[in-house]
Amino acid sequence: VVRISDGESGLSARTIARRLSSISGFYAYLVARGDTPVTANPVPRGLSTRPRGGRRRQVPLVRVPRTLPKILSPSEVTALLAALRRHRDRAMVLAMVLGGLRRCEVLGLTLGDVQVSERSLFIAEGKGGHQRVVPISNTFFTAVGDYLHRERPKVAETDRVFVTLKGPNRGKPMTADGVDKILQAARTRAGLERATCHQLRHTCLT
């Protein structure tokens, strides 16, 4: 429910727009079924404007401001990298901040995807199922090489690059929650207020 009349705090325009879109989509589904009492969508996707040149156009119910992505400064990236305690963690962060990889793409990397001779990474399962090749600097390959030779368990039965190093899940693929916990701990040690996987990716692309 989108509560506007009672002045609920904390709702951004983007959140309200997303919720309205969900409600509109639900009503559109009911209308399309044809076997419900709902015959019209009470929440339109947008409002029609006066025609210009014979064409009508729709404007969104809620105007979402375009904002620049939040990124880290070079000094913040340096502080974060210094706060990481393992070669594995450093390699994962470098993949995001130097290659622009998403968290799921880092976790999905296999040993065969690390193309050392070409200094690139093959992303087999990108957003929307798209594949791509990402060039990345030697700094990443140095970190991932140190991790593979010094830390990655020999008993790992997966071809995923990044695995858990200790505990009952030793040798099993890293999880998204595990990556988030590593970043949170490093962020605290570095005294940073921000440093999420998404911000690292935006830092690279910016």
Discussion item. Can you pull out every ring pair (Phe, Tyr, Trp, His ring centres under 6.0 Å) where at least one residue sits in residues 133-173? Sequence neighbours excluded, please.
Written reply: Tyr147-Phe162

List the atom of [X], the atom of [Y], and the distance in Å for their closest heavy-atom pair.
X      : Y      : result
Ala95  : Ile136 : CA-CD1, 4.0 Å
Pro173 : Thr164 : O-OG1, 4.1 Å
Ile182 : Met174 : CD1-CE, 3.6 Å
Val179 : Cys197 : CG1-SG, 3.8 Å
Cys204 : Gly99  : SG-C, 3.8 Å
Ala83  : Arg189 : O-NH2, 2.8 Å

Practice prompt. Apply side-chain contact (heavy atoms from CB on, under 4.5 Å) to the pair Leu121 and Val114, showing each step before the final yes or no.
Written response: CA-CA 5 Å; Leu121 299 173; Val114 181; 4.1 Å; yes

Starting from [Y], can I reach [X] by hopping between I/L/V/M/F/W/Y residues whose side chains sit under 4.5 Å apart?
X      : Y      : result
Leu81  : Leu101 : yes
Leu111 : Val106 : yes
Leu109 : Val116 : yes
Val38  : Leu20  : yes

Over 12 foreign heavy atoms within 6.0 Å of [atom1], [X]:
X      : atom1 : answer
Arg85  : CZ    : no
Tyr27  : OH    : no
Gln131 : CD    : yes

Separation between [atom1] of [X] and [atom2] of [Y], rounded to the nearest 0.5 Å:
X      : Y      : atom1 : atom2 : result
Asp89  : Leu165 : CG    : CG    : 7.5 Å
Met96  : Thr196 : CE    : OG1   : 9.0 Å
Leu205 : Ile71  : CG    : CD1   : 10.5 Å
Thr203 : Arg194 : OG1   : CZ    : 7.5 Å
Asp146 : Arg86  : CG    : CZ    : 14.0 Å
Leu94  : Thr142 : CG    : OG1   : 9.5 Å

Fill in: Student check: side-chain heavy atoms of Leu107 and Arg103 closer than 4.5 Å
yes

Worksheet item: Is there a side-chain contact between Val163 and Arg152, using heavy atoms and a 4.5 Å cut-off?
Response: yes

Discussion item. Over 60° means perpendicular and under 30° means parallel, so tell me whether Phe26 and Tyr29 are parallel, tilted or perpendicular.
Written reply: tilted

Worksheet item: Going through the distances and angles, do Leu200 and Leu183 end up as a side-chain contact (heavy atoms from CB on, under 4.5 Å)?
Response: CA-CA 11 Å; Leu200 292 174; Leu183 267 184; 4.2 Å; yes

Side-chain donor/acceptor of [X] to backbone N/O of [Y], under 3.5 Å:
X      : Y      : value
Arg201 : Gly100 : yes
Arg119 : Asn138 : no
Thr36  : Leu30  : yes
Gln199 : Ala195 : yes

Practice prompt. Show your reasoning for whether side-chain contact (heavy atoms from CB on, under 4.5 Å) applies to Val161 and Asp113.
Written response: CA-CA 9 Å; Val161 174; Asp113 295 333; over 6 Å; no

Worksheet item: Where do Val134 and Glu105 land on the side-chain contact (heavy atoms from CB on, under 4.5 Å) test, with the steps shown first?
Response: CA-CA 11 Å; Val134 179; Glu105 294 171 344; over 6 Å; no

Worksheet item: Charged N to carboxylate O under 4.0 angstrom, Glu151 versus Arg90?
Response: no

